[in-house]
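Take a look at the structure below.
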Protein chains: 2
Amino acid sequence: MSDTRQKILDIATELFAERGYAATSLSDIAERLGTSKAALYYHFRSKGAILDALVSEPLTAFTKLAAAARDLPPRDLLAAILDTAIAMRTLFELLDKDPSTRKHLDADATRATSAQVNATLVAVLAGPDPTAGSTARAHAAYATVKNAALAILAQGGDLDDLTRRELLAAAVRALEPGA
Amino acid sequence: MSDTRQKILDIATELFAERGYAATSLSDIAERLGTSKAALYYHFRSKGAILDALVSEPLTAFTKLAAAARDLPPRDLLAAILDTAIAMRTLFELLDKDPSTRKHLDADATRATSAQVNATLVAVLAGPDPTAGSTARAHAAYATVKNAALAILAQGGDLDDLTRRELLAAAVRALEPGA
DNA sequence: GTCTATACTTAGATAGAC
DNA sequence: GTCTATCTAAGTATAGAC
C-alpha cells in the first residue's frame, strides 16, 4: 500500500471521527494532505471508497468475533470485545456512532452491519433461553466493555491494565444475576 | 408554538437521528413536510436553528441533573439518568452520537456540551477522592444506564419496568467494588 | 404562511496536460 | 502521481409576489 494512500486514510480517520463522514469534504482532506482534490481520485474511486477502506478492518474483526462468540465463556468473550474496542478505538467509534457512516455502510447489503454484529454479541451474552432479565444484563455488560472503554479513551484517560481489569470485572458483575 | 413549527421539529428529529445532522438537507425536510424549502425559513432562521431548538430541552434537562447530582445517593442518580435517557431517547442519541451535531453545538461556547455533562456525572459517580478503579466503575455504571438503555430501545425492545429495574441493578453492581 | 425564482457557495467527480 | 480547469448537482439562504 502506497505511502500517500495510507496518509489519506490517516487523515480521513481523524476528520471523520471529529466531524462525521458526511460533514467532511474531500477539500478538507486534500487541504491537510497538501494536495488538490483531484489527486485523491488517483488513490480512491470515490469518497465512499475511502470510508469503505477504513472500516473494513474493524468490521471484519468484529464479525469474526461474533462468529466465534458462542464457543467462548462469557468472561473471555467480554475480554475479547474490550480488547478489540480498545485496539480499534477511533474507527470503532465511527462505525458505532456516526449516523452518516452507518447509512453509507447499510447501503451495501453484502456486508454485515455494525448493528447486526452488536445484536449477535448481545444475544450470545444473554445465553440460551434468554429472558428479559438476562437480555438486559447482557446489554449492560456489553455497554460496559464497549461504551465505557471508549468513553474513558475519549476523555483522554489511559486504559492501563488496572483500568482494563476493573472494567472487565464490572461487566462480569453486571452480567450475573443479582442477589 | 405553531402546528407547522412542531411538525418541522418532529420531521427533523426523525431525519437527524437516521442520517445525522450534516447529511440531512432542508430539501429532505421540506419534502416530508410537503412544502418548499423557503417555507422553512418562515419558521426558523437557519438549519442550525432547527437543531438548536431540538436539543435545548434534553441538554438543559441533563445539565440540571448534573447540577443536582452531588446531592443524590448513587443509586438514585443512576435511576434519574436512566429515566432521563429513556424519556428523551431520540434526541439524546443525537446529542451523544452524531459528530456533526456535537460540532454544531460546540461552536456555541455559552452552552454546556454533552461531553462536559457526561464528565460531570461520571465524576460524581466516581465519588470523592476518585481512584483509577472507582473512575472505571463509574464509567461502567454510566454506560449501563445510558448506552445499554438506548441500545435496547434502538433494537425495538420495550423498556418495561422489569427491564428498567434489571438495568439499574446491573449498574449498581458495576459501580460497587468487586469482592 | 407559503410560493417561485434565484443568488451564491460548495460538494463530488472527470478531462486532459504534465 | 499530481496539477489546473471545469462540469453538474446540491446545499443554504434571500427576494419579492401572492
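Numbered from 1 within each chain, the chains take letters A, B, ... in sequence-line order.
Proximity note for A:His43 (side chain, C-beta onward) versus D:dG1, C:dT14, C:dG12: the nearest is D:dG1. Distances were taken from every side-chain heavy atom of B:Leu26 (C-beta onward) to each of C:dA13, D:dA13, C:dC3; the shortest belongs to D:dA13. Of the candidates D:dA13, D:dC3, C:dT2, the closest approach to any side-chain atom of A:Ser36 belongs to D:dC3. Taking only side-chain atoms of A:Ala39, from C-beta outward, the nucleotide of D:dC3, C:dG12, D:dA13 with the closest atom is D:dC3. Of the candidate nucleotides C:dA13, D:dT12, D:dT4, D:dT4 has the atom lying nearest to any side-chain atom of A:Ala38.
Between A:Ser25 and C:dT10, a side-chain N or O to OP1/OP2 separation shorter than 4.0 Å is absent. Between B:Thr4 and C:dT2 there is a side-chain polar atom (N or O) within less than 4.0 angstrom of OP1 or OP2. In this model, the phosphate group of C:dG12 is not approached by any side-chain N or O of A:Ser27 to a distance below 4.0 Å at OP1 or OP2.
Taking atom CG of residue A:Asp28 and atom C1' of nucleotide C:dG12, one finds them 13 Å apart after rounding to whole Å. Per the geometry, CZ belonging to B:Arg5 stands 12 Å off P belonging to C:dG1, to the nearest Å. The distance between atom NZ of A:Lys7 and atom C1' of D:dG1, rounded to the nearest whole Å, is 13 Å. Across the protein-nucleic acid pair, A:Lys47 atom NZ and D:dA9 atom P stand 19 Å apart, rounded to whole Å. A straight line from OH of A:Tyr42 to P of C:dT14 spans 16 Å, rounded to a whole angstrom. As a whole-Å value, the separation of B:Arg19 CZ from D:dG11 P is 10 Å. Atom OH of A:Tyr41 is separated from atom C1' of C:dG16 by 17 Å (rounded to the nearest Å). Between A:Arg45 atom CZ and C:dG12 atom C1' the separation is 13 Å, expressed in whole Å.
Taking 3.5 Å as the limit, the base of C:dG12 and the side chain of A:Lys37 contain a donor-acceptor pair of atoms between them.
The pair A:Asp3-A:Lys7 meets the salt-bridge criterion, with a side-chain N (NZ, NE, NH1 or NH2) lying under 4.0 Å from an Asp/Glu carboxylate O.
Residues B:Leu78 and B:Tyr142 form no side-chain contact, since every pair of their non-hydrogen atoms from C-beta on lies 4.5 Å or further apart. Side-chain contact between A:Thr4 and A:His43 is present, with at least one heavy-atom pair separated by less than 4.5 Å. Side chains of A:Phe92 and A:Lys146 form a contact here, defined as non-hydrogen atoms less than 4.5 Å apart.
The closest donor-acceptor contact from the side chain of A:Ser134 to the backbone of A:Pro130 lies at 3.5 Å or more, if one exists at all.
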